[in-house]
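Within every chain, numbering begins at 1; the chains are lettered A, B, ... in the order of the sequence lines, protein sequences first and strands thereafter.
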Amino acid sequence: MTEFILAKYNYWIYIFLMMTGFYATIAKKNLVKKVIGLSIFQTAVFLFYISIAKVKGGTAPIWMEGNPVYDNPLPHVLILTAIVVSVSTTAVALAIIILIKKQFGTVEEDKIMEILELNE
Amino acid sequence: MIEHLPILMIVVPLLSAVMTSVVGRIHRVLSWYLAVIVTALCFAGSVSLLSTVLETGRISYWLGGWEPPWGIEYAIDYLNAFVLCLVAFIAFIVTVYAKKSVELEIGEARLPLFYTVYLLFITGLMGIVVTGDVFNMYVFLEICSLAGYALIAIAGRREALMASFNYLVMGTIGATFILLGIGHLYMVTGSLNMADLAQRLPALYGSKVVQTAFAFFAVGLSIKVALFPLHNWLPNSYTYAPSVVSAIMAATGTKVAAYALIRVMFTVFHAEFVITGIQVNHLWTFFAAVAILAGSILAIAQTNIKKMLAYSSIGQIGYIILGVSLMNLTGVQGSLLHILNHALMKGTLFLVVGCVVYRLGITAIEDFKGLGKKMPFSMAAFTVGALSMIGVPLTVGFVSKWYLAMASLEAGMWYLVVVLLASSLLMAVYFWRVIDNIYFQPYEVGKIGEGPVLVDKESKPKDAPVLMLVPTIVAAVLCVFFGIFASLPLSIAEKASTILLR
């Protein structure tokens, strides 16, 4: 039991963060809060990836003399790409929210649905 | 030059996307000319790749000369080349079509920006198809999706903005699940190359990490493919987007995501894993069958023709996933054929709707009355597309439905044949409503310009301009051509499915 929870505490942290972000995306009515939730969700995934890069007793993956054990640099590189993707997504989402604010006057999802249903 | 063709398929649209904004500053229409030239080059390149693959077999291109699995590999085999040709062809004809339609619906001021984002969308699509590396596939999937969100929202219509935002949230969740799946696979194998993963995974099939990875891939790609319970973003996105965007996304977006699903299911995780390991193919068959029926039934209830076609697309995606989930040779062949056929059929239908919006600004089915005489060529194309969707013999729809029905019988699931027939009948119901309005109802004056797009009040309901009409008719003719001379797609699909199911 202790093995299951305490030894893998990093995975529990990521699951908690991921579910927080996911909950915010689904349950919050404000569009900006949804985007924040999405960002938390994606950040949790990045942390998960980076945590698997750590090798026991490893040092930073920069070449040095001797024969040291290096950490795995590949997940870090993958996450750099994924962070760029996440930032672009957040940028597009916020741009769309600005346009929505101009068109609807509000960024609350339930009020937007009311306006859309009124116009149908 | 020729041996670098796989990477050129991506580099050329990517660089020209950047150049389009620059060129557009000189004169706006130049951006359209550049887009047409680029998509024509991509189409020529993809045909060349297809012919090379048909002669010599699988092409493997190492990016930067780095050997896989350390480097990124672009692997083109029959399935890739087939989908690549399809995507490049649809991109080319929609770009030719786009000139007039975009000028009306998006406005001349934003023309260069539109073509920039459009070319980025094409880059993303081609990248997903060409690559042989899972993480590279994720990156291109996100490029394609981001460009898609921007394309839907580009005209600034209210409903389109909300639709784009919903698509963004759902699509990003899907892509993040795919990223999680890739992470799990990397954790146990240390590799990201599809062929390498295929070699390393069979030893690990019992591992929970691999099963979790598959689950994440399945859900993430199902969101992108808009398979039944996760389809919610699709109807609004296709309905309120500009006509050109609806056409290109309906014809290529979900097909490429279906290709990615097939790649992950069959090449990375072999078919045995899906059947015996995690046994998810029955679940997929169930959801596909529900998608087929639900899509057709919901389409009957619509009054907006684009929404009707969008729900119809959900049903057609059910066909593709049905064939794949049956896991036999005929089924996968039927799915691959249906990828080609649906792209042609839906492309034709959405292009025709774009023609109607251009001339009359309407999208309600009621307002299609009497257009058979006023817009004869476009409506003829619509009729051909509709007949193909229903599955009349001599059209492409018949060929793929035949294969899917045979596959269902081979797998012993005769009730799926009933589902296929029922959905064809339902399709006949909702398409006949439109055809009835087109040909058998009198034209009502004064309906011009009452729809979502404002057109000139002087605009007469004559047929669409040549630049829009020719791509529509080409797509419609191909619907019939590949229905009669189906040997080339059939042989490619057969070779591709043999390799996939090995």
Side-chain angles (χ1 to χ4, degrees), chain A residues 11 14-15 18 21-22 24-26 28 31-32 34-35 37-53 72 74-75 77-79 81-82 84-105 107 109 112-113 115-117 119-120, chain B residues 69-70 117 120 124 133-136 138-173 175-188 190-192 209 216 220 236 240 303-304 452:
Chain A
Y11 295 120
Y14 310 138
I15 295 175
M18 218 189 307
F22 200 30
T25 312
I26 302 176
K28 292 292 178 187
L31 295 182
V32 179
K34 281 181 191 269
V35 173
L38 208 56
S39 179
I40 297 176
F41 180 59
Q42 287 180 312
T43 308
V45 175
F46 302 156
L47 287 174
F48 164 74
Y49 252 88
I50 297 175
S51 76
I52 66 181
N72 190 350
L74 183 61
V77 169
L78 297 180
I79 292 309
T81 312
V84 170
V85 168
S86 163
V87 168
S88 317
T89 309
T90 311
V92 173
L94 292 174
I96 296 178
I97 290 180
I98 294 179
L99 283 176
I100 288 180
K101 174 80 177 173
K102 275 195 205 148
Q103 285 270 3
F104 289 95
V107 282
E109 193 189 7
I112 295 178
M113 287 297 149
I115 298 179
L116 280 176
E117 266 159 41
N119 281 1
E120 235 175 71
Chain B
W70 294 278
V117 184
L120 283 175
D133 179 287
V134 277
F135 193 77
N136 210 347
Y138 164 74
V139 173
F140 279 118
L141 193 61
E142 280 298 80
I143 294 178
C144 161
S145 304
L146 281 172
Y149 312 144
L151 280 176
I152 296 175
I154 202 166
R157 243 184 101 183
R158 308 179 116 172
E159 300 93 340
L161 291 176
M162 264 323 272
S164 175
F165 187 78
N166 280 331
Y167 180 20
L168 190 150
V169 170
M170 283 192 78
T172 310
I173 294 176
T176 313
F177 279 159
I178 297 175
L179 186 63
L180 269 175
I182 297 174
H184 281 93
L185 283 182
Y186 180 73
M187 273 208 297
V188 287
S191 165
L192 292 168
V209 184
F216 277 126
N236 283 346
Y240 300 117
T303 50
N304 182 326

Side chain of B:Thr172, backbone of B:Leu168: donor and acceptor closer than 3.5 Å? yes

Main-chain N/O of B:Asn236 paired to B:Glu159 side chain as donor or acceptor, under 3.5 Å: no

Looking at chain A, which one of B:Leu161, B:Ile143, B:Ile182 has the largest number of heavy-atom pairs inside 4.5 Å, strictly under? B:Leu161

Can you name the closest pair of heavy atoms from A:Ala44 and A:Met18 and give their distance? CB-N, 3.5 Å

Please report whether the ring centroid of A:Tyr49 lies less than 6.0 Å from that of B:His184. no

Heavy-atom cut-off 4.5 Å, strictly under: side chain, backbone, both or neither for A:Ile112 against chain B? side chain

Pair B:Phe135 + B:Tyr138: ring centers closer than 6.0 Å: yes

Using non-hydrogen atoms only, which part of A:Thr25 is less than 4.5 Å away from chain B: side chain, backbone, both, or neither? side chain

What option among A:Val92, A:Thr89, A:Leu99 has the most heavy-atom pairs under 4.5 Å with chain B? A:Thr89

Between B:Phe177 and chain A, which part of the residue has a heavy atom less than 4.5 Å away: side chain, backbone, both or neither? side chain

Chain A heavy atoms under 4.5 Å from B:Leu192: which part of the residue, side chain, backbone, both or neither? side chain

Between the main-chain N or O of B:Tyr149 and the side-chain N or O of B:Ser164, is there a donor-acceptor pair closer than 3.5 Å? yes

Using a cut-off of under 4.5 Å for heavy-atom pairs, which of A:Val84, A:Ile52, A:Leu78 has the most such pairs with chain B? A:Leu78

Using non-hydrogen atoms and a 4.5 Å limit, figure out which bit of A:Ile100 sits close to chain B: side chain, backbone, both or neither. both

So for A:Ile97, is it side chain, backbone, both, or neither that comes closer than 4.5 Å to the heavy atoms of chain B? side chain

